[in-house]
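Chain identifiers are assigned alphabetically (A, B, ...) following the order of the sequence lines, protein sequences preceding nucleic acid strands; residue numbering begins at 1 within each chain. Only a predicted model underlies this, so the values are computations on that prediction, with no experimental measurement involved.
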4 protein chains.
Amino acid sequence: MLHSFRALAANYSVIFFDAYGVLKNFEGVIDGVLPALAELKRDGKELFVVTNDSSRSPKKMSQLYVHEELGEIFPEDRVISSGMLARDFLRAKVKAKTVAYLGKPDSAYYITSAGLTAIPLSECTAKTEIGALALLDDEGFDWQPDINRAINLLRHKTIPVVVANADKVYPVHRNDVAIAVGGIADLMESALDRRFVRFGKPDAYMFSYSFARASALTPGVRRKDILMVGDTLETDIRGGNTFGIDTVLTLSGNTASEDYEFWIAASGVIPDFVCESIAT
Amino acid sequence: MLHSFRALAANYSVIFFDAYGVLKNFEGVIDGVLPALAELKRDGKELFVVTNDSSRSPKKMSQLYVHEELGEIFPEDRVISSGMLARDFLRAKVKAKTVAYLGKPDSAYYITSAGLTAIPLSECTAKTEIGALALLDDEGFDWQPDINRAINLLRHKTIPVVVANADKVYPVHRNDVAIAVGGIADLMESALDRRFVRFGKPDAYMFSYSFARASALTPGVRRKDILMVGDTLETDIRGGNTFGIDTVLTLSGNTASEDYEFWIAASGVIPDFVCESIAT
Amino acid sequence: MLHSFRALAANYSVIFFDAYGVLKNFEGVIDGVLPALAELKRDGKELFVVTNDSSRSPKKMSQLYVHEELGEIFPEDRVISSGMLARDFLRAKVKAKTVAYLGKPDSAYYITSAGLTAIPLSECTAKTEIGALALLDDEGFDWQPDINRAINLLRHKTIPVVVANADKVYPVHRNDVAIAVGGIADLMESALDRRFVRFGKPDAYMFSYSFARASALTPGVRRKDILMVGDTLETDIRGGNTFGIDTVLTLSGNTASEDYEFWIAASGVIPDFVCESIAT
Amino acid sequence: MLHSFRALAANYSVIFFDAYGVLKNFEGVIDGVLPALAELKRDGKELFVVTNDSSRSPKKMSQLYVHEELGEIFPEDRVISSGMLARDFLRAKVKAKTVAYLGKPDSAYYITSAGLTAIPLSECTAKTEIGALALLDDEGFDWQPDINRAINLLRHKTIPVVVANADKVYPVHRNDVAIAVGGIADLMESALDRRFVRFGKPDAYMFSYSFARASALTPGVRRKDILMVGDTLETDIRGGNTFGIDTVLTLSGNTASEDYEFWIAASGVIPDFVCESIAT
């Protein structure tokens, strides 16, 4: 039985939203989403985006959801991306100042905001003192030479590698997907027979990080006050469950109305609730 | 170059210790460990055990490290096991009151302390309303019938499965190991083609959980005040690094003096420091 | 569109049958199978069983399919099990005379018929000179002590390990499955971080071995004269396709009438034909 | 203890050679190899190349080893590449006439020699009737667009995919490697959650195929007459062992003199003999 999202949301004071498949899709912000978010905000709900997208800064993601009256629905400090965990890791653990990266220039934000120098891997020379390699985005570099360059760099030099987005694939059009940077990381790990440091849902750490942020902004919040909203069982729902918060699956993205019960049984990942979309 | 643990510890106010290979081994508490811990305690350090061992309650683990003058080095609330994360998950997510388990009776503590009823899987009948299955320990059940029983239960019933210890193997004697419950979980996941909910190092969540506990006991603690001490690169050091705290590898357990540099380069998991043992 | 097996079989002179799910199931020989086989035999077809079951000798498997007039449908030399490939491997590659095994006494046939001495792993002592370890069957030993014993044996001694059946699970009742010896091999490989020598479908070698046997018995046979009949896409059909012979999926076992088209599309394993069963 | 290759070879009438690391390396044919091969040939040995390299036709590979007096050491019909197994698969199993491929134009030989039409994947349009996709080589296409194109093609269309080389990486310079087409296949399989049809060592089928070729050219040959020579434990030696022929590891390529004993123990893949190189 499907729930009304609106009625469900009334029971929580804090709501975590996955972005792609819940708030937006390949065509942009999903119809009906902005009015629904505005209503929640007027009801006093604390709203956060919790996303594995590390291709842009939180500020840029914030600008995607602008309501004509209320302005930005998610101010910059309410957008939590796995890139921020990668940034904190780099800040704490990198000894040399320069971090090589694979990704678009925009994604380098997660390096520079840690006070480090970002340099595309293709521009590194034998003399560059590299403190870490960051896999940020699947675009912005030439796969064949740069993936091979990365592998050989790591065979010769013992440095940490951080993956800012654990996803293997992501949707690009109604019927098409593309390999995400998590898939490229798999390829490199397999070639090297080692595992990198990865951040993102479904790791419970992504949720404890978001919880800490929510606690800082709204002191006294408890886990049972929070609802995680997502369209993907294996990331959003699995992660929210593992962290012990309530979860709702929306059927507006990766998981379709006609077979969501099959996928819940097959995966053993059980959302507390299921809604058609957040606009219903 | 090896560091002196004593000198190193002076720079931190909170210390997280892995148990097996750091504090104890197959013969019991390692020689010199109790005096070293006592000294740290006299210096005012806040000491915690952070372990994937979920075969016993924190209270029982606490009783392993008793100093003749200072008493229990790690009072019960300073022993953090992955079983506690499993317990919190069960408390938050299980709808029916009964949880079936694989493990020794002692390990059922992590179910009953969540206010739930624990029942060995072998005692469940077709009529038992099972809310979840918990994999707690590799002992206390008959592998062949019970693993097959578990698989068929999960093929017929959509319930969460929680694994309280992510380890695949653990040492049992100087030269021997045994399959841990994480390895049994792998076998079951592969047979079912689904993934369970797992807790334990190297997940950063294990460290954010420990950090929250340390913060509650010693308010104001920051990540850079904490040192993680472990003998295993892939769990202790990887996890501490991912969470962004300083890490020290000891050569008193899984990783040997003669090849630790090889394993650091091969794994890409780089401890901030290396010490012979905590007694040096 | 489903084909009539009878009509289809007319185009081939040699037919390879998977056993479980095609010829028999948990209740015994499937209704209608013996008459169908008898008819094929009267038509002059050369019939073979090609199976991953290594729990018994070919002679014992031969005795399962006895027609009241024709006698044994599959004489012993027309039953090809993956155990025979394991036997040939042991014969060619084992230096010491004694092979330790996990499995029922019956399965040790594949060791003794290689001219070697078979000894259950649990009966080996520190002094036994073991030339190889053979994983033959999931029954006949006590999983916990014997799997741990096997792992430690292999950590201390460099000997080959052969797995006589690559399957992970097998059906035991209408709705239940059990872990097969291939699943136990996975568990051990993961604990040891090495891979054993495995035999069985879907490896094309199982088919080239069967082809060699068919060629010896019916000289001049070509690949296009052979039809592989199986109920499992990932073993029977994948393997037959890889070897380049025609394949037919029957819906009498693992793959059900209502969703076989879904599984073909999902797996990309495409049988040349589909039949309800061989009795139709 | 290392053996003399020359003395060892005297015991066999047929010798299978891996190419890269045994006969040649990044600089070309290894010093001393041509004289050693000539001597074997003068002694009447039957010599074959057994390789996972499918980037060129056997004819082109044949031209790499030309002795000034004896001419081509390995005539075209004595070069066996995994691409030939892929070709036989395509010939037997593809229904539509056009096969899309990833690889250099040279590698398309394995499609056209099956009597099929080869077309680079990037030149396919929505109207092209594609009967199969062949992954032949890691070069000759633009990774990012073409890998994503391949994935979406396979999500929409149920066709077989064949991988002509199972290797994940291959050496390109003294200290560098590159991702091979088997690694690209892994990436695509993981994104699609399905497995392709792969050919190459260590599959025993590669050896039964080579054995059939050797039997056709030198009737009456038995397995014990054959020696497999390779530099890689996990492909050459594992595969030769699985097929039941004698194997010799050379230390002229992937496996180094100083640690071959470690790798044999760690992998459990045990060559019958070890030689410095075939020129010794």
Side-chain angles (χ1 to χ4, degrees), chain A residues 85-95 114 132-133 154-162 188-189 192-199 202-209 211-212 215 223-224 233-234 238-247 261-272, chain B residues 85-95 114 132-133 154-162 188-189 192-199 202-209 211-212 215 223-224 233-234 238-247 261-272:
Chain A
L85 284 65
R87 181 199 59 199
D88 287 5
F89 172 82
L90 291 171
R91 188 185 281 143
K93 286 290 172 179
V94 173
K95 321 275 186 196
L133 174 66
L154 296 171
R155 291 174 72 246
H156 301 318
K157 216 168 164 145
T158 303
I159 54 171
V161 183
V162 65
M188 291 173 52
E189 287 182 334
L192 292 162
D193 197 17
R194 55 177 270 206
R195 287 187 308 131
F196 302 154
V197 177
R198 290 172 182 241
F199 292 105
D203 282 358
Y205 180 45
M206 182 77 176
F207 290 86
S208 69
Y209 190 97
F211 180 68
S215 300
R223 291 188 195 202
K224 62 187 202 177
L233 288 169
E234 281 297 343
R238 175 184 287 278
N241 283 350
T242 303
F243 186 64
I245 59 176
D246 281 356
T247 52
E261 286 171 315
F262 169 81
W263 289 112
I264 289 171
S267 66
V269 178
I270 312 162
D272 294 292
Chain B
L85 283 65
R87 181 199 60 200
D88 286 4
F89 171 82
L90 291 172
R91 188 186 278 142
K93 287 290 171 176
V94 174
K95 321 276 186 196
L133 174 66
L154 296 171
R155 292 174 70 246
H156 301 318
K157 217 169 161 142
T158 303
I159 54 171
V161 182
V162 64
M188 290 173 53
E189 287 182 334
L192 292 163
D193 196 18
R194 54 177 270 206
R195 289 187 307 133
F196 302 154
V197 176
R198 290 174 181 239
F199 293 105
D203 282 358
Y205 180 45
M206 182 77 176
F207 290 85
S208 69
Y209 190 97
F211 181 69
S215 300
R223 291 189 195 203
K224 62 187 202 178
L233 289 168
E234 281 297 341
R238 175 185 286 279
N241 283 350
T242 303
F243 186 62
I245 58 177
D246 281 357
T247 52
E261 285 171 316
F262 169 80
W263 288 113
I264 289 171
S267 66
V269 178
I270 312 161
D272 295 291

When the 4.5 angstrom heavy-atom criterion is applied to A/Lys95 and chain B, the contacting part is side chain
Can B/Glu234 and A/Arg194 be counted as an ion pair, charged N to O under 4.0 angstrom? no
Which bit of A/Asn241 comes within less than 4.5 Å of chain B, counting heavy atoms only: side chain, backbone, both or neither? both
Max heavy-atom pairs within cutoff under 4.5 Å with chain A, candidates B/Ile270, B/Ile159, B/Val161, B/Ile264, goes to B/Ile270
All ring pair (Phe, Tyr, Trp, His ring centres under 6.0 Å) counterparts of B/Tyr205, not counting sequence neighbours: A/Phe243
Looking only at heavy atoms and a cut-off of under 4.5 Å, which of A/Val269, A/Leu192, A/Ile245, A/Asp193 has the most pairs with chain B? A/Ile245
Mind listing the closest non-hydrogen atom pair of B/Gly244 and A/Ala92 along with its distance? O-CB, 3.6 Å
Less than 4.5 Å to any heavy atom of chain A: does that hold for the side chain of B/Leu85, its backbone, both, or neither? neither
Engaged part of A/Arg155 at the chain B interface, taking heavy atoms whose separation is under 4.5 Å: neither
Under 4.5 Å from any heavy atom of chain A, what part of B/Ser267 do you find: side chain, backbone, both or neither? backbone
Are any side-chain N or O atoms of A/Asp203 and backbone N or O atoms of B/Ala204, one a donor and one an acceptor, separated by less than 3.5 Å? no
Looking at A/Leu154, A/Leu90, A/Thr242, A/Asp246, which one has more heavy-atom pairs under 4.5 Å with chain B than the rest? A/Thr242
Around atom NZ of A/Lys157, are there more than 12 heavy atoms of other residues, nucleotides or ligands at under 6.0 Å? yes
Side chain A/Thr247, main chain A/Asp272, donor-acceptor under 3.5 Å: yes
Structural part of B/Ala212 lying under 4.5 Å from a heavy atom of chain A: neither
With sequence neighbours left out, the residues meeting side chain to side chain contact (heavy atoms under 4.5 Å, CB included) with B/Ala114 are B/Arg87, B/Arg91, B/Leu116
